[in-house]
Amino acid sequence: MKKELVKKFKEIYGAEGDIRVYFAPGRVNLIGEHTDYNGGHVFPCALTLGTYGVARKRDDNKLRFYSMNFDEMGIVETSLDDLTPYKEAGWTNYPKGVMWAFGKRGYMVPAGMDVLIFGNIPNGSGLSSSASLEVLTGVMLKDIFGFDISMIEIALTGQYSENKFNGCNCGIMDQFASAMGKKDHAIFLDTSTLEYEYAPVVLENAKIVIINSKVKHSLVDSAYNDRRNECETALKELQKVMNIQTLGDLTEEAFEAHKDAIQSEVRQKRAKHAVYENQRAVKAVEALKKNDVAAFGRLMNASHISLRDDYEVSCEEIDLLVDLAWNMEGVIGSRITGGGFGGCTVSIVKNESVDQFIEKIGDEYEKRVGHKAEFYVVDIGDGAGRLEGFVDAG
Ligand code: GLA
């Protein structure tokens, strides 16, 4: 992979100079969904799928971008003097946004770059292709220009650029997982303090399987921002009757005792999800530490029900995939993962049932929905970095 990318880079931009190769992974979240902007816990892991980047510093302020996923766009040329989002700039608004955000946070990018990108995360699948591109840009800038910036700060800068430059009001989970991932571990992150802990994902005799519904409903970003606003309003209503900083501060009992302060039924459901899902994430990690994979699976199932009924971010195709999984032998747990309104499910499936899981759900889904789903048996990988010296992608 690395060799092919460098070859392509040289074809497009010429062979001279110091050419470096980087990778930033996508992520799958095991539990703790829509909690990361509510001061709650999340439990994602980095995938071995992600975004590769090849880059070289320039002597002027020019920025040249080329993506092998969007060959038809050719080289997109811009400059450090014009770090503004343009609709027609497409995917390049992500790396540009990160360069802009670096500047805002005191890391002025001193020179232009030639950049080639290739991603193998299916687009729009909810496995964080955009966050991986942001984190990838962050590690390129750090390495090429020698910025003294930590990986957590790179994650925060990626989130900042997505919020302020690209207009999606996302939380910190995706960028954090891409920057801080660790092979064979999931990250138990408290999003209110950014304290985190790596938990080994030891699923004796079972595997994590992602199913991509290949459906992405429109208005994802606006629906996402709506959910966030609803939670913020619910929090303000609760703060009139109790002293809390975030919905993540509440236990289920405290929520039940005070929920009437929330003036609308819809907002009560949204807040209920945020509170209960945070508690489920905490309990799920405890269960995993005790090797109680069955309890982990039950909490995943409950998470799905809550995302479907209270948070209302699922959709027919995803509910079908989850229902099919729940009704199959050898499935320990299954739920929607990521932002929602399409995208992927994540399931824990016993080793001996994986083939049948893929075949039966694959057939039934195609019959009922009219197109194929895609399946990935997950390998948990490391976080982002320069490829030389630590990974050889082959
Ligand atoms: C998207 C956002 C994340 C998080 C998830 C839902 O992936 O980018 O910050 O809110 O949705 O858990």
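Numbers here simply count residues along the sequence, with the first being 1. Ligands are counted one by one from 1 in listed order, and the atoms in each one are counted from 1 as well.
For the side-chain contact (heavy atoms from CB on, under 4.5 Å) with V109, the qualifying choice from N61, I144, L80 is L80, the only one to do so.
Taking a cutoff of 4.0 Å between a charged side-chain nitrogen and a carboxylate oxygen, K290 and D292 do not qualify as a salt bridge.
The side-chain tip of K182 points at the ring of Y198 from less than 6.0 angstrom away and within 45° of straight on.
Under the salt bridge (Lys or Arg N to Asp or Glu O under 4.0 Å) criterion, E237 pairs with R267, not counting sequence neighbours.
A side-chain donor-acceptor contact under 3.5 Å links D319 and S314.
Within 4.0 Å of ligand 1, protein heavy atoms belong to R27, E33, H34, D36, Y37, C170, G171, M173, D174, Y224, G338, G339, listed by chain and number.
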side-chain hydrogen bond (donor to acceptor under 3.5 Å, both in side chains) between D143 and Y22, worked out: CA-CA 10 Å; D143 185 58; Y22 305 84; 2.6 Å; yes
